[in-house]
Amino acid sequence: MTYSGEVRVGGPADVHELKDLMITKIAVGPMNNNAYLLRCRATDEQLLIDAANDAETLLGTIGADGVASVVTTHQHADHWQALAEVVAATGARTYAGRHDAEGIPVPTHVPVDDGDTIRVGRVRLTARHLVGHTPGSIALIYDDPHGHPHVFTGDCLFPGGVGNTWKDPEAFASLIHDVETKIFDPLPDETWVYPGHGDDTTLGAERPHLPEWHARGW
């Protein structure tokens, strides 16, 4: 079936099948958070992005094979409500941006810096540090050797704009600078964007609106 990226809390997951990687997207919790389960097709190793809520649903999605790693995109509480339970059930390694790790009440085994590599089986993800929504937010880029890139942006980039910076001009300037220089500038229009809430988008769909975002300041 064709992947749409449209999921709702209580509904089924949607699966994006790539040649080397399977991406399962599911929505959980009262804030309609997206969680993404990545599975290396060569090794069957799995990695979860944001154990946001509803550990029972997440563990059911993970299944009997377990999960090797959990990456938390940033420190806001709606993105780690199920983290302790998932880690306790699976023994997964935890990753988070170095500057947000202290704000997550589950120990971070691997603090992540800009440009670091995180692996799931034979698949390589590149972390990019995006400052503004929080001090240590990270995005994960999968540069698919068989197609276009895929980027998991947490709450830093959505359809229609960057993440919330609470009308703080400095935070907005920082976030839009990092999103432009680390996401839009190096990646092509075909890049698929998987945000922390709501539907997916592409960089090509959003790129023409960057001047509008600058002008409105959010």
Side-chain angles (χ1 to χ4, degrees), residues 3-6 16 18 20-21 23 25 33-36 38 47-50 52 71-76 78-79 95-101 111-120 123-166 168-218:
Y3 174 80
S4 70
E6 297 175 4
H16 204 168
L18 310 178
D20 295 338
L21 186 69
I23 302 167
K25 177 180 182 179
N33 285 75
N34 295 324
Y36 299 94
L38 280 53
L47 175 150
L48 180 67
I49 299 174
D50 284 345
V71 178
T72 303
T73 58
H74 63 291
Q75 64 179 278
H76 287 159
D78 59 307
H79 290 261
Y95 294 75
R98 184 177 299 278
H99 302 294
D100 268 16
V112 178
D113 293 312
D114 188 51
D116 282 357
T117 295
I118 300 174
R119 295 186 181 275
V120 51
V123 170
R124 172 180 171 178
L125 308 171
T126 302
R128 299 314 310 259
H129 182 204
L130 307 175
V131 182
H133 183 67
T134 67
S137 290
I138 55 172
L140 297 178
I141 299 169
Y142 170 50
D143 192 359
D144 185 355
H146 310 289
H148 55 73
H150 300 255
V151 58
F152 302 87
T153 56
D155 283 2
C156 289
L157 177 63
F158 297 96
V162 296
N164 195 346
T165 51
W166 297 276
D168 180 335
E170 291 186 6
F172 171 75
S174 174
L175 181 56
I176 200 161
H177 171 270
D178 283 0
V179 167
E180 282 189 300
T181 59
K182 297 179 182 182
I183 304 296
F184 279 97
D185 287 355
L187 299 176
D189 284 351
E190 296 79 13
T191 301
W192 197 278
V193 176
Y194 306 82
H197 305 261
D199 294 343
D200 299 353
T201 187
T202 64
L203 291 187
E206 306 305 322
R207 196 184 304 273
H209 303 288
L210 283 166
E212 301 168 28
W213 304 354
H214 275 280
R216 73 190 186 192
W218 57 273

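Please read all numbers here as calculations on a predicted model, not as lab measurements.
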Could you name each residue pair satisfying salt bridge (charged side-chain N to carboxylate O under 4.0 Å, His left out) that touches [range], not counting sequence neighbours?
| range | value |
| --- | --- |
| residues 183-202 | R8-D199, K25-D200, D189-R207 |
| residues 133-144 | none |
| residues 127-139 | D114-R128 |

Work out which heavy atom in [X] is nearest to a heavy atom in [Y]; give both atom names and the distance.
| X | Y | value |
| --- | --- | --- |
| L21 | I23 | CD2-CG1, 3.9 Å |
| I141 | K182 | CD1-O, 4.1 Å |
| D155 | H79 | OD2-NE2, 3.0 Å |
| I183 | P186 | O-CD, 3.4 Å |
| P208 | P211 | O-CD, 3.5 Å |
| F172 | W213 | CZ-O, 3.3 Å |

Give, for atom OH of Y95 and atom CD1 of I49, the distance between the pair rounded to the nearest 0.5 Å.
-> 12.0 Å

Side chain to side chain contact (heavy atoms under 4.5 Å, CB included) with L140: which of L38, V71, D116?
->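 The passing option is V71.
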
Please say whether more than 12 non-hydrogen atoms of neighbouring residues, nucleotides or ligands are located less than 6.0 Å from CD in E170.
-> no

Does atom CH2 of W218 have more than 12 heavy-atom neighbours from other groups under 6.0 Å away?
->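 No, the 6.0 Å shell around CH2 holds no more than 12 heavy atoms from other groups.
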
Only counting residues at least two apart or in another chain, list the ones meeting ring pair (Phe, Tyr, Trp, His ring centres under 6.0 Å) with [X].
| X | answer |
| --- | --- |
| F152 | Y36, Y194 |
| H129 | H99 |
| H148 | H150 |

Under the side chain to side chain contact (heavy atoms under 4.5 Å, CB included) criterion, do L203 and L157 qualify, and how do the steps go?
-> CA-CA 10 Å; L203 291 187; L157 177 63; 3.9 Å; yes

Using the side-chain contact (heavy atoms from CB on, under 4.5 Å) criterion, which residues pair with [X]? Sequence neighbours excluded.
| X | value |
| --- | --- |
| A101 | T108 |
| H177 | T181 |
| S137 | H74, D100, H133, T134, C156 |
| T201 | P159, V193, A205, E206 |

Residue set satisfying salt bridge (charged side-chain N to carboxylate O under 4.0 Å, His left out) with D20, at least two apart, ordered chain then number -> none

Whether T165 side chain and G132 backbone form a donor-acceptor pair below 3.5 Å | no

With sequence neighbours left out, the residues meeting side-chain hydrogen bond (donor to acceptor under 3.5 Å, both in side chains) with T73 are D50

